[in-house]
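Both counts, for ligands and for their atoms, begin at 1 and track the order of listing.
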Amino acid sequence: MTRDARIGTIIAGLLCAAGLATAPGAFAQGSVERGAYLVNAVMACDTCHTPRGPNGGLDMTRRLSGGSQIFETPAYLVKGANITPDRETGIGAWSDADLKRTLTTGVRPDGSRLATAMPFAFYGGMTPGDLDSIVAFLRSLPPVNNKVQAPVYRLNTVVHAVPGTERPTDERDLADPVKRGAYLATLAHCQECHAGHVGDTPDFRGAPGKGGRVFSGPAGSVAAVNITSSKTAGIGDWTDEDIKRVLTTSKGRDGRQLAGPMARGAYFKNMTPGDMDALIAYLRRLPPLD
Ligand code: HEC
Ligand code: HEC
C-alpha cells in the first residue's frame with residue numbers, strides 16, 4: 001500500500017469510527033447537502049426531470065426543469081415535470097407541505113393525481129428528515145422557466161401500495177445496515193422493476209426481487225432480472241464486488257451495457273461505501289426465489 005492509500009484507509013477508518021461514513025445522515029437532517037446526496041446518489045430525479053440535449057445527454061444547465069422523455073402507458077402520457085423553483089412553470093409557488101404531500105402521495109396541491117411513472121408510492125417511505133432535505137435541495141436550485149407539455153390521463157391511476165412504506169421509517173432504525181439497505185432500495189425503487197409481476201401487477205409482498213417486468217422500447221424488449229439470493233436464478237453466487245461493479249458502472253456482470261431502466265451507474269457510484277454495503281446487505285437477505 002502506498003503512503004497516500006494508507007492515509008486514506010486511516011481517514012476512512014476514523015470516519016467510520018465517528019459514524020460519519022456509515023450513518024444514515026452522513027449530512028445534517030433537513031440540509032441541502034443531504035438532499036443533494038439523495039438525488040445524486042440514490043434517487044436519480046434527473047433521469048426523468050432533466051431535459052436532454054441533442055446527443056441524448058442530460059442538459060444540466062437546465063437541471064430538473066422538465067424532461068424531454070415521454071412516459072406512455074395505456075393509462076397516461078406524461079413528461080417529467082418542471083421541479084425547479086420557477087413560480088410560473090415549476091414548483092416555486094408550492095408550500096413545503098404541498099411539496100411533501102405530492103412527493104409522498106402523488107396528489108398535487110390542486111387535488112389532481114400524478115401518473116405512477118413518478119415513484120411517489122416509494123417516496124412515501126421517506127423519513128421526515130430526508131423529506132425536508134429533498135425540499136431544501138429543490139428550493140436551492142436556480143429557477144428555470146420551462147413550460148412542460150400538459151399530462152394526458154386516459155384511465156384512473158392504480159397505485160399499488162409498497163410494503164415497508166406505510167409510515168415513515170424511524171431514523172434511528174437506519175443504523176442497522178440491512179434496514180438502511182432496505183430503505184435505500186425503497187428510495188431507489190428497485191422493486192418497482194424487480195418485484196415479480198403478474199401481468200402489470202407487481203407482487204411486492206410475495207415475490208420481492210423475482211424479476212420479470214418487461215420494458216419495451218425502440219431498442220427492443222428487456223426484462224428486469226431476478227435479484228434474489230437464489231444461486232441458480234438470482235445473484236446468490238455473485239460476490240459483493242460483482243454487485244458493486246454492476247450497480248456503479250451500468251455494465252452487467254457479463255460486461256454488457258445494461259438497458260436504459262437499469263443504467264444508473266452514474267448515480268449509484270456516488271453512494272458512500274457504507275450505503276453501498278448496506279444496499280448489498282439488503283439484497284443478500286432477499287429470500288431465494290427461482
Ligand atoms: C422514473 C421517473 C421519475 C423519477 C425517478 C422521479 N420523477 Fe418526479 N415525476 C415524474 C413524472 C413523469 C412526473 C409527471 C407526472 C404527471 O404529470 O402525472 C413527475 C412529477 C413530479 C412532481 C410533481 C410536479 C408537478 O408540477 O406536477 C414532483 C414535485 C416531482 N416529480 C419530484 C421528484 C423528485 C424530487 C424526484 C427525485 C427525488 C423525482 N420526482 C423522481 C417522473 C419521475
Ligand atoms: C426502472 C427499472 C429498474 C430499477 C428502478 C432498477 N432496476 Fe435493476 N434492472 C432493470 C432491468 C430492466 C435490468 C436488466 C437490464 C439488462 O439486462 O440490460 C436490471 C438488471 C439488474 C441487475 C443485473 C445485472 C446483470 O448483470 O444481469 C442487478 C443486480 C440489478 N438490476 C439490481 C438493481 C438494484 C439493486 C436496484 C435498486 C438500487 C435496481 N436494480 C433498480 C430494471 C431496474
Under-4.0 Å heavy-atom contact with ligand 1, by part of Arg108 that carries it: side chain
Polar contact flag for Cys193 and ligand 2 (N/O pairs, less than 3.5 Å): no
Shortest protein heavy-atom distance from atom 28 (C) of ligand 2, along with the residue and atom involved: Ile227 CG2, 3.7 Å
Neighbour count >12 (heavy atoms, 6.0 Å) for atom CG, Asp96: yes
Residue-ligand contact Trp94/ligand 1, heavy atom below 4.0 Å: yes
contact_flag Ile243 ligand 2 heavy-atom lt 4.0 Å: no
Sub-4.0 Å heavy-atom approach of Gly211 to ligand 2: no
Closest approach of any protein heavy atom to atom 4 (C) of ligand 1, naming residue and atom: Cys48 SG, 3.4 Å
Nearest protein heavy atom with distance in Å, relative to atom 22 (C) of ligand 2: Val225 CG2, 3.6 Å
Heavy-atom pair of closest approach, residues Arg108 and Thr102: CA-OG1, 3.6 Å
Atom 11 (C) of ligand 2 [closest protein heavy-atom partner, distance rounded to 0.1 Å]: Ala224 CA, 3.7 Å
For atom 14 (C) of ligand 2, closest protein heavy-atom neighbour: Ala223 O, 3.5 Å
Residue, atom name and distance, where the atom is the protein heavy atom closest to atom 18 (O) of ligand 2: Ala259 N, 2.8 Å
Closest approach of any protein heavy atom to atom 24 (C) of ligand 2, naming residue and atom: Val246 CG1, 3.7 Å
4.0 Å heavy-atom contact, Ile83 with ligand 1: yes
Part of Pro151 with heavy atoms under 4.0 Å of ligand 1, whether side chain, backbone, both or neither: side chain
Non-hydrogen atom of His189 closer than 4.0 Å to ligand 2: yes
Sub-4.0 Å heavy-atom approach of Tyr123 to ligand 1: yes
Polar atom proximity, Arg253 to ligand 2 (N or O, under 3.5 Å): yes
Polar proximity ligand 1 side, Ala115 side, N/O cut 3.5 Å exclusive: yes
contact_flag Arg256 ligand 2 heavy-atom lt 4.0 Å: yes
Ring geometry between His189 and Phe122 (parallel below 30°, tilted from 30 to 60°, perpendicular above 60°): tilted
Winner among Asp242, Asn226, Val222 once heavy atoms are compared against atom 15 (C) of ligand 2: Val222
Region of Leu114 engaging ligand 1 - heavy atom pairs below 4.0 Å: both
Ligand 2 to His194 polar contact by distance, N or O atoms, under 3.5 Å: yes
Minimum-distance protein heavy atom relative to atom 19 (C) of ligand 2: Met262 CG, 3.2 Å
Residue part near ligand 1, for Tyr153, under 4.0 Å between non-hydrogen atoms: side chain
Angle at atom 8 (Fe) of ligand 1 (to 10°), with one arm to SD of Met118 and the other to NE2 of His49: 180°
Ligand 1 contact on Leu103 by region, counting heavy-atom pairs under 4.0 Å: side chain
Identity and distance of the protein heavy atom lying nearest atom 38 (C) of ligand 2: Cys190 SG, 2.6 Å
Residue-ligand contact Ala185/ligand 2, heavy atom below 4.0 Å: no
